[in-house]
> 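Starting off with a structure, shown below.
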Amino acid sequence: MIELLIGGLGVLALIVAAVFRSRVLAVRVEDGASSPEEVSKLTEISTAISEGAMAFLGREYRVLSIFMVIFAVVIAFTTGGHGLHTAVAFIIGAGTSVLSGLIGMKIATKGNVRTASAARTSLQKAFRVAFESGAVMGFGLTGLAVVGLLLVYIGIDFMLPLGADVTREIQMEILSGFGLGGSAVALFGRVGGGIYTKAADVGADLVGKVEAGIPEDDPRNPAVIADNVGDNVGDIAGMGADLFGSVAESTCAALVIGAAAYAVTPDAAANIGVLLFPMLVNGVGIVASLLSLFFVRASSEDKVEAALKNALVVSTLLMLAALYPATTMIFGTTSFMVGSVLVNGTGVFIALATGLIAGLLIGLVTEYYTSHRYKPVREVADKSTTGAATNIIYGLALGYNSAVIPMLLIAVSVVIGFVAAGMYGIALTAIGMLGTIAVGLTIDAYGPTSDNAGGIAEMAGMGKDIRKRTDALDAAGNTTAAIGKGFAIGSAALTSLALTSAFLTRAGGELGKKGQSLDLMVTDPHVLAGLLVGAALPFSFSAMTMKSVGKAAFAMIEEVRRQFRTIPGLLEGTGRADYSTCVDISTQASIREMIPPGLLVILTPLLVGFLFGVQMLAGVLIGSLVVGVMLAISMANSGGAWDNAKKYIETGVHGGKGSDTHKAAVVGDTVGDPFKDTSGPALNILIKLMAIISLVFASAFANNGGILLRMF
């Protein structure tokens with residue numbers, strides 16, 4: 001049975017995560033320590049980071065739990081006769097997303113200090129610890145997504161077996177609640193975590209580096225613990241929830257579209273594997289990702305980045321090789337119609353392969369624009385010699401340029417996916433792009449673990465040799481983090497488009513039952529108005545999140561300055577900074593500021609759908625998708641370029657650390673911090689969450705929407 005195969009592959013991912021967790025925890029902090037005092041410092045710092053991270057998540061999830069209950073009630077009473085089942089799926093999806101974030105956070109806060117400890121022995125050992133810490137999150141999250149989706153599907157099938165009132169379409173619409181729950185958690189995790197980390201980072205950099213002239217991660221800086229906590233809550237818990245949502249949402253979109261065709265296709269109906277095939281693709285990706293880990297080797301500092309990139313390339317090639325036999329095995333001679341397009345095994349493979357290859361290419365393009373090994377970032381560094389203004393001008397220009405090729409790749413993917421398998425093919429391109437998500441998350445989680453390791457080594461005074469090794473790991477992590485963000489944005493674009501396609505399929509079917517049609521001509525004033533409103537949303541959302549970072553950073557800067565002024569001997573190294581106050585500032589600000597942008601994203605599709613109908617809502621979704629993806633890519637890549645331009649200068653070029661050029665680059669990096677770690681990544685979730693809310697409420701909008709239009 002295909003259910004057993006999918007479940008077995010999901011469990012395999014969880015077992016792999018458990019094995020890597022045990023390997024990371026087996027590394028002893030005291031091995032090779034120069035003194036008991038060093039071990040004590042390492043333990044103290046690591047504990048402070050861990051406690052700060054878990055305290056933030058605890059407060060964030062308490063706020064989220066209230067929202068989730070309220071939203072579940074709304075779903076239960078507004079999405080039709082099976083609303084209660086959808087609400088239950090929503091709660092399960094939200095809970096699974098929370099669990100994913102906790103797993104990633106727990107291992108990251110254990111792996112960071114062990115990476116620093118392993119750096120005493122060799123760079124290779126430190127790399128292995130950081131990479132395996134990332135693998136716990138990569139495989140653990142993927143396994144939870146696959147197992148969670150399957151269990152919810154089985155539960156729905158058991159509670160609501162097929163009959164006169166229950167079709168496969170209804171079952172899959174209920175299952176979409178699981179993806180909605182995951183994405184709702186991701187929104188607040190991304191926004192809240194992003195505000196937290198950047199408030200601390202900006203405060204630490206501007207006052208510590210620029211005003212006081214002390215090194216990065218210096219223990220004299222009161223914001224340094226909050227900065228390290230932020231790396232985890234933003235890039236571990238936030239990114240994990242984001243990509244968990246993408247996997248669940250893209251799979252649900254394909255299942256909804258496939259179910260519509262499945263219901264009227266005798267050959268397909270005889271083969272449950274065809275219906276559940278999107279879930280199987282995620283399982284195949286787990287095997288490909290696992291095999292690719294055997295090709296990851298970092299024998300020297302200059303090969304760390306290449307080792308990480310090799311994992312992504314090899315996993316893509318292995319996935320590509322495995323997809324054709326998997327597709328042939330499931331589909332055989334089965335074919336069905338999606339709209340006017342005939343879908344068969346060959347078309348399905350082409351759509352999946354297109355998404356898979358496009359994802360890799362987007363990652364490589366992102367690397368070109370954000371790594372200081374290439375011309376664009378070095379050009380930004382060169383322009384820093386004339387001040388912060390030119391640094392910022394060239395960084396913005398780089399971001400705008402960098403969005404062009406990924407958008408073209410996404411456009412080509414959409415066309416090929418549709419020609420190969422209709423709207424179902426568009427959904428499959430998103431699933432294909434996310435096929436190697438286990439490796440992608442592994443590489444992404446490696447970054448903040450390595451960054452934390454460097455900060456811990458600096459604060460514990462482990463010495464220049466240790467810091468040099470952790471810096472080499474961190475430098476590679478910066479580039480791979482940028483690749484991860486590009487990958488996340490690209491997959492979000494296709495996922496959102498797949499969800500929009502599923503929404504149109506579901507809403508169109510409901511309108512068809514009433515003898516109405518879903519007209520999406522651009523000349524329709526409702527669609528055109530929706531396009532304009534949707535295009536404005538990413539800018540409004542970005543402005544809100546940027547200002548939130550600014551407010552929180554202002555409070556952090558004032559606190560760091562106050563401590564430098566009032567704590568005797570702090571700058572001289574004889575006083576002790578009050579780290580907990582800075583941690584509390586970031587926590588309070590992020591919890592408070594994440595609410596307004598979250599409500600903007602959630603309420604917009606509900607209000608537009610119920611008040612103005614599905615035509616205008618379709619325009620809103622498409623407008624926000626097109627503008628949101630462009631804005632997200634440009635912001636993320638500008639921020640990554642500014643960061644790596646600063647690090648390139650810190651290697652000794654243009655005067656190195658402490659020079660006027662370096663100070664200009666620090667200002668650019670500070671501007672880029674909320675670009676790449678708050679607003680840019682959070683736009684992923686804006687376009688996905690609005691689309692999946694529309695899908696879950698599609699029947700309600702089609703049957704009861706357009707209240708204002710009917711009144712006038």
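Keep in mind that this is a model prediction, so the values were computed, not measured.
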> Side-chain contact test, heavy atoms from C-beta onward, threshold under 4.5 Å: evaluate it for Leu280 versus Leu9 and give yes or no.
yes

> Given Pro406, which partner from the list Leu361, Val629, Ile633, Ile489 fulfils the side chain to side chain contact (heavy atoms under 4.5 Å, CB included) test?
Ile633

> What's the verdict on ring-ring contact (aromatic ring centres under 6.0 Å, His included) for Phe90 and Phe178, showing C-alpha distance, side-chain angles and the deciding distance?
CA-CA 5 Å; Phe90 169 79; Phe178 180 87; over 10 Å; no

> For Ile330 versus Val274, what's the shortest heavy-atom pair and its separation?
CG2-N, 3.7 Å

> If you compare all heavy atoms of Pro538 against all heavy atoms of Leu631, which two are closest, and at what distance to 0.1 Å?
O-CD2, 3.8 Å

> Working to the nearest 0.5 angstrom, can you tell me the gap between Leu275 CG and Arg168 CZ?
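So the gap between those two atoms works out to 5.5 Å.
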
> When you measure from the side chain of Thr79 to the backbone of Ala76, do you find a donor-acceptor pair of N or O atoms at a distance under 3.5 Å?
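It does not hold such a pair.
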
> Quick one: are Leu617 and Phe503 in side-chain contact, heavy atoms under 4.5 Å?
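They are in side-chain contact.
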
> Output all residues satisfying side-chain hydrogen bond (donor to acceptor under 3.5 Å, both in side chains) with Thr251, sequence neighbours left out; order by chain, then residue number.
Asn282

> Between atom OG of Ser176 and atom CG of Leu695, what is the distance when rounded to the nearest 0.5 Å?
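Rounded to the nearest 0.5 Å, the OG-CG separation comes out at 4.0 Å.
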
> For the CE atom of Met319 and the OG1 atom of Thr436, what is their distance to the nearest 0.5 Å?
7.5 Å

> Here's a test for you: under side chain to side chain contact (heavy atoms under 4.5 Å, CB included), which of Leu356, Ile357, Ile350 qualifies with Thr354?
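It is Ile350, the one option of Leu356, Ile357, Ile350 that forms the side chain to side chain contact (heavy atoms under 4.5 Å, CB included) with Thr354.
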
> Restricting to ring-ring contact (aromatic ring centres under 6.0 Å, His included), what partner residues turn up for Tyr424, sequence neighbours left out?
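Expected list: Phe336.
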
> When Thr604 is tested against each of Leu606, Leu607, Leu600 for side chain to side chain contact (heavy atoms under 4.5 Å, CB included), which residue passes?
Leu600

> If I compare all heavy atoms of Leu499 with all of Ala691, which pair ends up nearest, and what's the gap?
CB-CB, 3.6 Å

> Going by heavy atoms in the side chains, are Val247 and Thr142 under 4.5 Å from each other?
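When only atoms from C-beta onward are counted, Thr142 and Val247 do not touch, as no gap falls below 4.5 Å.
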
> To the nearest 0.5 angstrom, please state how far the OG1 atom of Thr500 sits from the NZ atom of Lys688.
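Thr500 atom OG1 to Lys688 atom NZ measures 13.0 Å (nearest 0.5 Å).
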
> So does Gly440 get a backbone contact from the side chain of Asp444, meaning a donor-acceptor N/O pair under 3.5 Å?
no

> Less than 4.5 Å apart, any side-chain heavy atom of Met616 and any of Leu611?
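Side-chain contact under 4.5 Å: no.
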
> Is there a side-chain contact (heavy atoms from CB on, under 4.5 Å) between Val146 and Ile6? Walk through the geometry before answering.
CA-CA 7 Å; Val146 171; Ile6 294 169; 3.7 Å; yes

> Could you walk me through whether Phe349 and Phe331 pass side-chain contact (heavy atoms from CB on, under 4.5 Å), step by step?
CA-CA 10 Å; Phe349 170 73; Phe331 276 80; over 6 Å; no

> Can you check whether Val256 reaches Thr505 side chain to side chain, under 4.5 Å on heavy atoms?
no

> Is there a side-chain contact (heavy atoms from CB on, under 4.5 Å) between Val601 and Ile685 once you walk through the steps?
CA-CA 9 Å; Val601 176; Ile685 302 163; over 6 Å; no

> Is Ser496 reaching over with its side chain to a backbone N or O of Ile687, donor-acceptor style, under 3.5 angstrom?
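Side chain of Ser496 to backbone of Ile687: a pair is present.
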
> If you define the side chain from C-beta out and look only at heavy atoms, does anything of Phe612 sit under 4.5 Å from Val620?
no

> Is any side-chain heavy atom of Leu151 less than 4.5 Å from a side-chain heavy atom of Ile92?
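A side-chain contact is absent here, since even the closest heavy-atom pair is not under 4.5 Å.
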
> Which is it for Gln171 and Leu162 under the side-chain contact (heavy atoms from CB on, under 4.5 Å) test, yes or no, and what are the steps along the way?
CA-CA 9 Å; Gln171 287 183 336; Leu162 295 179; 3.8 Å; yes

> So does Gly93 get a backbone contact from the side chain of Ser97, meaning a donor-acceptor N/O pair under 3.5 Å?
no

> What closest approach, in Å, do Ile426 and Ser501 show between heavy atoms, and which atom pair accounts for it?
CD1-OG, 4.1 Å

> Do Ile410 and Leu497 come within less than 4.5 Å of each other through their side chains, counting heavy atoms only?
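Side-chain contact under 4.5 Å: no.
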
> Looking only at side-chain N and O atoms, does Glu249 offer a donor or acceptor that is under 3.5 Å from a partner on Ser183?
yes

> CD1/Ile362 to CE/Met407 distance, rounded to the nearest 0.5 angstrom?
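Reported to 0.5 Å precision, the distance equals 9.5 Å.
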
> What are the two closest heavy atoms between Leu441 and Gly138, and how far apart are they?
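Where Leu441 meets Gly138 most closely, the heavy atoms are CB-CA, 3.6 Å.
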
> How close do Ile2 and Gly273 get, heavy atom to heavy atom, and via which atoms?
CD1-CA, 3.5 Å

> Look up atom CD1 in Ile15 and atom CG in Leu290, then write down how far apart they are to the nearest 0.5 Å.
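Result: 11.0 Å between the selected atoms.
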
> More than 12 non-hydrogen atoms from neighbouring residues, nucleotides or ligands closer than 6.0 Å to CZ on Phe67, yes or no?
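Counting other residues, nucleotides and ligands, CZ of Phe67 exceeds 12 neighbours.
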
